[in-house]
Trainee: 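I'd like to ask some things about the structure below.
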Amino acid sequence: MNKKQLFWNDTLLILTMAVLAGCGLIYEYLLSHYAGRVLGAMESTIYAMIGLMIVAMGLGAFAARKITCAFKGFVWLELTIAFLGCSSILIIGGLIALTQTFPQVLADTFNLPPDSMPQGGFLKQLSQLAFNSPYFFGFILGFFIGMEIPLIARIRESIHQKHLKNNLGTIYGADYVGAGIGAAIWVIFLLSIDISKASALTAALNLIVGGIFIFHFWDKLTWRKTLVSLHILLLIAIGVIYQSGNSWLNQMSNLLYLDKVVYTDKTRYQQLNFTQRHMGAEQPSVINFYLNGRLQFSSADEFIYHSYLVSPVMAGSARHDNILIIGGGDGLALRDVLQWSPKKVTLIDLDAELMQIFLDPTEKLSPSLAAQLNQLTQKSLQDPRVKIINEDAFLAIDTLLKQQQTFDSIIVDLPDPSHPDLNKLYSVNFYARLHQLLAGDGLIGIQSASPYHAKDAFIAIGKTVKAAKFAHVQQYHDNVPSFGEWGWTIASKRGASPLNRLQSLEKLPIEHHWLTLPMVINSFEFSKSFYKNQADVPINYLGSHNIYQLHQKAWRDQQGLNNAYLQE
């Protein structure tokens, strides 16, 4: 073989290695991302998945020594990786849907009452296996990916017919560069599209590499027609998955909800679902809204949560002219704030795509669902007094500080600290900067998770706010049927405590259709020993992840349950 042929063969193999390295990294991200959605503990799941796949790649590299023909082995390997890459997530979704719906099938078959639903024993073990199946597929996929470098290295030496001194250095160089490019493609492009489409596109690259390899090294292969036929069949399957995979995945995910899923979508940041429960001809349907499988609100009782979040803060603040809301992209807290006739409200929420659904539901939702949402939000996000900032609140408040703004009241309506990215919004650093934005006679109110299910995390939020130099920090709670026992934190910058301010009132200044002043005051009472171990609960400083870890620990027993039943 002349030098020109060797050069082009080398170029092909090095480019092949770079492409496959990018595909391998994307598979790690895809499975990690999906496993995080399934298991809930996003950070720990991602790290565990990537670590598992790296170990599996090492074992695959050892196993590659058993392949006798590197050329034939490589083609079969790319077929296998392409198949697993495009189908794994669909298989995982199917397994989870099957194990979660099977108890209901048994209950319907044997006419069991709802409180006798079979969920323990063997069925619970099956459910746990299904929810942990991403790790199995991650290991298998990583094992096969690990075979690629040794086989490419052997193929290069076979072509040159000698030992190449810098062979591994060249291959690993292409691998590292390709992985870097794959990471960039994931962040810039694939992260914003449906996960099934991303997996199909990545698998197609594996298949294309295998196809090019077949025709370039045709004379070194056997079973060539079979290999070509399998490539064509899998390419058709990948095309079908690209077109319909997301629909299939959504249908399987929808089986996990108790009510009928009437709308599902994915923004750059999260998966969202609306479900609907018909209550009969005389009553309106109940609308539930989920983010990443976690309930955010139910139209049946959201007024309880939002009245406790907003009314005590507004009632205890001296003025209501300029209000700041952090989070609350659904517009429901804003709806309650607008009842206090503010002159200006600034709302900061990261997800512009999600907010657009609540801003103008008619764009994407059915007319009936859009009408229900508009009735629920009272079109609060369209109010001319509202300024919307779609940015990370951790960064956005720096702009407000530079503008030397102050707010009469601040409402913090963020999701629970179930992800490390949210943990920073529960830190001393964050609350200290909100302290600077709050007027001296104003109050701040913070959604603070469940004092029953996540007691230490709830107490930690109060201690963290106190460490941010607020003069008086108090907490209160009540039952929200859809969530269970729920809690809030309220604080004043100076002057009287929030509770003393409320106790000085005769009634709530703005009458609420459900909440009363005595109910608010009574909600500040906890059981006698509730704060007994308060000294042992840590404060959440930036980078410590204390509240995130406490929250994850508290909900650990819930991880085997259907994600659709987890709150916030």
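Hydrogens, waters and symmetry mates play no part in the numbers below; they use all other heavy atoms, side chains included. By convention here, the first residue in the shown sequence is residue 1.
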Trainee: Given 3.5 Å as the limit, does a donor-acceptor pair link the side chain of Asn390 with the main chain of Asp349, or not?
Mentor: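 Checking the backbone N and O of Asp349 against the side chain of Asn390, a donor-acceptor pair under 3.5 Å is found.
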Trainee: Would a 4.5 Å heavy-atom cut-off, applied to side chains only, mark Leu425 and Ile326 as touching?
Mentor: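 No, side chains not in contact.
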Trainee: I need the Asp194 CG to Ser247 OG distance, nearest 0.5 Å.
Mentor: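 Those atoms lie 10.0 Å apart.
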Trainee: Quick check: closest heavy atoms across Ser299 and Ser285, and the distance to 0.1 Å?
Mentor: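 Looking at all heavy atoms of both residues, the shortest contact is OG-O, 4.0 Å.
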Trainee: With side chain to side chain donor-acceptor pair (under 3.5 Å) as the test, pick out the partner of Asp416 among Gln447, Arg294, His453.
Mentor: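 Looking at Gln447, Arg294, His453, the match for Asp416 under the side chain to side chain donor-acceptor pair (under 3.5 Å) is Gln447.
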Trainee: Do Phe136 and Leu129 make a side-chain contact, defined as non-hydrogen atoms from C-beta onward lying under 4.5 Å apart?
Mentor: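 Side chain of Phe136 against side chain of Leu129, heavy atoms only: no contact under 4.5 Å found.
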Trainee: Do Thr377 and Leu332 pass the side chain to side chain contact (heavy atoms under 4.5 Å, CB included) test, and can you show the C-alpha distance, the side-chain angles, and the key distance before you say yes or no?
Mentor: CA-CA 5 Å; Thr377 65; Leu332 295 174; 3.9 Å; yes
Trainee: For the atom pair CG (Leu347) and CG (Leu334), what is the distance rounded to the nearest 0.5 Å?
Mentor: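 Here the rounded value is 6.0 Å.
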Trainee: Got a donor-acceptor contact below 3.5 angstrom from the Thr99 side chain to the Ser127 backbone?
Mentor: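 Checked: no pair found.
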Trainee: Which residue, Asp392, Leu395, Leu400, Thr399, forms the side chain to side chain contact (heavy atoms under 4.5 Å, CB included) with Ile348?
Mentor: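 Among Asp392, Leu395, Leu400, Thr399, the one meeting side chain to side chain contact (heavy atoms under 4.5 Å, CB included) with Ile348 is Leu400.
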Trainee: Would you check if the side chain of Asn167 reaches a backbone N or O of Ala153 as a donor-acceptor pair within less than 3.5 Å?
Mentor: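 Answer holds: yes.
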Trainee: Take Leu98 and Leu126 through the test side chain to side chain contact (heavy atoms under 4.5 Å, CB included) and record every step on the way to the result.
Mentor: CA-CA 10 Å; Leu98 180 64; Leu126 281 179; over 6 Å; no
Trainee: Report the distance from atom CG of Leu373 to atom CG of Leu365, rounding to the nearest 0.5 Å.
Mentor: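 Going from the CG atom of Leu373 to the CG atom of Leu365 covers 6.0 Å.
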Trainee: Quick check: does any side chain N or O of His231 sit under 3.5 Å from a backbone N or O of Leu227, one acting as donor and the other as acceptor?
Mentor: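 Yes; judged by distance alone, with no hydrogens or angles, the pair exists.
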Trainee: Say whether, by atom type as modelled, one donor and one acceptor occur between the side chain of Glu391 and the main chain of Leu350 under 3.5 angstrom.
Mentor: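 Not confirmed, Glu391 side chain does not pair with Leu350 backbone.
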Trainee: At their closest point, which heavy atom of Ile241 faces which heavy atom of Cys86, and how far apart are they?
Mentor: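 Shortest heavy-atom contact: CD1-O, 3.6 Å.
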Trainee: Please tell me if the side chains of Thr267 and Met355 come closer than 4.5 Å, counting only heavy atoms from C-beta onward.
Mentor: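 Counting from C-beta outward, Thr267 and Met355 never come under 4.5 Å.
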Trainee: Are any side-chain N or O atoms of Asn250 and backbone N or O atoms of Asn246, one a donor and one an acceptor, separated by less than 3.5 Å?
Mentor: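 Looks like yes, one N/O pair under 3.5 Å.
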Trainee: Run the ring-centre check on Phe144 versus Tyr27 and record whether the distance is less than 6.0 Å.
Mentor: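 No - the distance between ring centres of Phe144 and Tyr27 does not fall below the 6.0 Å cut-off.
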Trainee: Is there a donor-acceptor pair closer than 3.5 Å between any side-chain N or O of Ser88 and the backbone N or O of Leu84?
Mentor: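 Yes, because the side chain of Ser88 sits within donor-acceptor range (under 3.5 Å) of the backbone of Leu84.
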Trainee: Please tell me if the side chains of Ile212 and Thr16 come closer than 4.5 Å, counting only heavy atoms from C-beta onward.
Mentor: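 Contact flag for Ile212/Thr16 side chains = no.
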Trainee: Rounded to the nearest 0.5 Å, how far does CG of Asp351 lie from CD of Gln270?
Mentor: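 Interatomic distance, Gln270 CD to Asp351 CG, rounded to 0.5 Å: 4.5 Å.
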Trainee: Please state whether the rings of Phe297 and Phe289 are parallel, tilted or perpendicular, taking 30° and 60° as the class boundaries.
Mentor: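 Rings of Phe297 and Phe289: tilted, 30 to 60°.
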Trainee: With a 3.5 Å distance limit and no angle check, can you tell me whether Asn540 reaches the backbone of Asn546 through a side-chain donor-acceptor pair?
Mentor: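 The answer is yes, because a donor-acceptor pair under 3.5 Å joins these two groups.
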Trainee: Quick check: do Leu123 and Leu106 have side-chain heavy atoms less than 4.5 Å from each other?
Mentor: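 They are in side-chain contact.
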Trainee: Does NZ belonging to Lys124 count more than 12 external heavy atoms closer than 6.0 Å?
Mentor: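 For Lys124, atom NZ is not crowded (no more than 12 foreign heavy atoms under 6.0 Å).
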Trainee: Could you walk me through whether His160 and Asn9 pass side-chain hydrogen bond (donor to acceptor under 3.5 Å, both in side chains), step by step?
Mentor: CA-CA 10 Å; His160 284 267; Asn9 283 332; over 6 Å; no
Trainee: Tyr29 vs Leu190, test: side chain to side chain contact (heavy atoms under 4.5 Å, CB included). Steps then yes/no.
Mentor: CA-CA 10 Å; Tyr29 288 162; Leu190 295 180; over 6 Å; no
Trainee: Applying side-chain hydrogen bond (donor to acceptor under 3.5 Å, both in side chains), run through Asn273 and Thr264 and close with a yes or a no.
Mentor: CA-CA 4 Å; Asn273 293 85; Thr264 182; 3.0 Å; yes
Trainee: Any donor-acceptor pair under 3.5 Å linking the side chain of Gln276 with the backbone of Asp259?
Mentor: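 No, because the side chain of Gln276 does not come within donor-acceptor range (under 3.5 Å) of the backbone of Asp259.
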Trainee: State whether the side chain of Ser427 and the backbone N or O of Lys424 hold a donor-acceptor pair below 3.5 Å, judged by distance alone.
Mentor: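 Here the side-chain-to-backbone pair exists.
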Trainee: Is there a side-chain contact between Asn429 and Tyr541, using heavy atoms and a 4.5 Å cut-off?
Mentor: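 When only atoms from C-beta onward are counted, Tyr541 and Asn429 do not touch, as no gap falls below 4.5 Å.
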Trainee: Please evaluate residues Ser482 and Leu295 with respect to the criterion side chain to side chain contact (heavy atoms under 4.5 Å, CB included), reporting the C-alpha separation (whole Å), side-chain torsions for both, the decisive distance (0.1 Å), and the verdict.
Mentor: CA-CA 8 Å; Ser482 293; Leu295 181 63; 3.7 Å; yes
Trainee: Looking at Asp219 and Arg224, what are the two nearest heavy atoms and their distance?
Mentor: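 Scanning both residues completely, I find the closest heavy atoms to be CA-NH1, 3.9 Å.
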Trainee: Under 6.0 Å from the OH atom of Tyr263, do we count more than 12 heavy atoms belonging to anything else shown?
Mentor: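 Check passes, neighbour count above 12.
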Trainee: Which atom pair, heavy atoms only, marks the closest approach of Pro415 to Tyr426?
Mentor: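 In this case the closest contact between Pro415 and Tyr426 is O-OH, 2.6 Å.
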Trainee: List the atom of Glu28, the atom of Met49, and the distance in Å for their closest heavy-atom pair.
Mentor: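 Nearest pair, atom of Glu28 first, then Met49: O-CG, 4.4 Å.
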Trainee: Side-chain contact, heavy-atom cut-off 4.5 Å: Tyr290 with Gln296?
Mentor: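 No, every pair of side-chain atoms sits at 4.5 Å or beyond.
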Trainee: Who passes salt bridge (charged side-chain N to carboxylate O under 4.0 Å, His left out) against Asp398, sequence neighbours left out?
Mentor: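 Here the qualifying residues are Arg433.
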Trainee: Would you mind listing every ring pair (Phe, Tyr, Trp, His ring centres under 6.0 Å) that reaches into residues 66-101, with sequence neighbours excluded?
Mentor: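 Counting only pairs at least two positions apart or across chains, the ring pair (Phe, Tyr, Trp, His ring centres under 6.0 Å) contacts touching residues 66-101 are Phe71-Phe217, Phe74-Phe213.
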Trainee: Closest heavy-atom contact between Ala82 and Asn206?
Mentor: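 So the two residues come closest at CB-CB, 4.0 Å.
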Trainee: Kindly compute the distance separating CG (Leu20) from CD1 (Ile152), expressed to the nearest 0.5 Å.
Mentor: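 Leu20 atom CG to Ile152 atom CD1 measures 6.5 Å (nearest 0.5 Å).
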Trainee: If you define the side chain from C-beta out and look only at heavy atoms, does anything of Leu291 sit under 4.5 Å from Tyr269?
Mentor: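 They are not in side-chain contact.
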Trainee: State the CD1-OG distance between Ile91 and Ser133, to the nearest 0.5 angstrom.
Mentor: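 So the gap between those two atoms works out to 9.5 Å.
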